[in-house]
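Structure first, then comments.
Sequence positions, counted from 1, serve as the residue numbers for this chain. A quick note: this is a predicted structure, and the numbers were derived from the prediction, not measured. Numbering of ligands and ligand atoms starts at 1, following listing order.
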Amino acid sequence: MKKTSTRDFIQKKGAEKIAVLTAYDAIFARLADDAGVDAILVGDSVGNTFMGHASTIPVRLEDMFHHVAMAARAKPKAMLIADLPFAVCHYSFDRLLDACAEFIRLGADAVKIEGGASLAEKLSRLANAGIPVMAHIGLMPQQLMKTGGYRTFAKTPEERRALVADAKTLERAGAFSIVIEKADPLAAKEATESVSIPTIGIGSGPHCDGQVLVSTDVLGLGDWIPAFAKKYADLRGESMRAFSGFVSEVKSGKFPE
Ligand code: KIV
């Protein structure tokens, strides 16, 4: 199987549904790749899934460089997308370009940026510099301190119009794809139908061109998953069984034999 390019990714719109999972290191990236995902997102969700933070906000650029480098060592066939952490998209353009270029040097194929039409100019300059950008609209976890909590977006006609307008502006600016997080399903459908690049939904219903989930939710590794996610395994239960089996066999002298 050949490496998925940005062009291949775009061409999937309307031809097949796109499957994306998060991964933050080589072992998970390899598993996701072998399972056949179209893209692997090294999300800043690493903050709350692996780093022990309560949200994605404390995640620093250096943390993301570290995790992107680990995931890149799996040499996935899937596109490897690096998430820009909190506030980096508001750096001066030169610093932003430098951060994105470093992701590419580390092995990422694209970057993801949370933000709507207000980022269009920077996004367009990044695209001109040769950096493929996936945009991210709807719920933006990096805005949590401002918005004060998680909720469904684009339920009102004004928010719905804004979501669709953002999607169109970001496509015009040169985004190759758009994540739509926790938006009303009909608004996500309208946004999807308004652009010719693939939309990737998370908690936004079935009408997007693809779906992304956080791998620890899919694997059942955490102690909580959002209502829109789906647990395909119970790795927390399995891990507890294995770890406590080890503890009890060491204590009882059964291991090592
Ligand atoms: O950080 C992340 O994992 C994400 C996805 C939830 C889209 O941004």
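- At a heavy-atom cutoff of 4.0 Å, ligand 1 is contacted by the side chain of Asp83 but not by its backbone.
- The single protein non-hydrogen atom nearest to atom 3 (O) of ligand 1 is Ser45 OG, 2.5 Å, given as residue, atom name and distance.
- At least one donor-acceptor pair closer than 3.5 Å links the side chain of Asp33 to the backbone N or O of Lys77.
- Listed here is the closest heavy atom pair of Ser204 and Ala188: O-CB, 3.5 Å.
- Residue-level proximity to ligand 1 for Asp44 is carried by backbone and side chain together, each with a heavy atom below 4.0 angstrom.
- For ligand 1, the atoms lying closer than 4.0 Å to a non-hydrogen atom of Gly43 are 1 (O), 2 (C), 3 (O).
- Salt-bridge check for Asp8 with Lys2: passed, with a basic side-chain N closer than 4.0 Å to an acidic carboxylate O.
- Atom 6 (C) of ligand 1 has as its closest protein heavy atom Ile202 CD1, 3.6 Å.
- Atoms of ligand 1 lying under 4.0 Å from at least one heavy atom of Thr22, given by number and element, are 3 (O).
- Lys155 has no carboxylate O lying under 4.0 Å from a charged side-chain N of Asp184, or vice versa, which leaves the two without a salt bridge.
- Shortest contact from atom 8 (O) of ligand 1 to any protein heavy atom: Lys112 NZ, 2.9 Å.
- Residues Gly116 and Leu170 come closest through the heavy atom pair O-CD2, 3.6 Å.
- The two residues Ser177 and Ile197 have their closest heavy-atom pair at N-CD1, 3.8 Å.
- Nearest non-hydrogen protein atom to atom 4 (C) of ligand 1 is Leu41 CD2, 3.6 Å.
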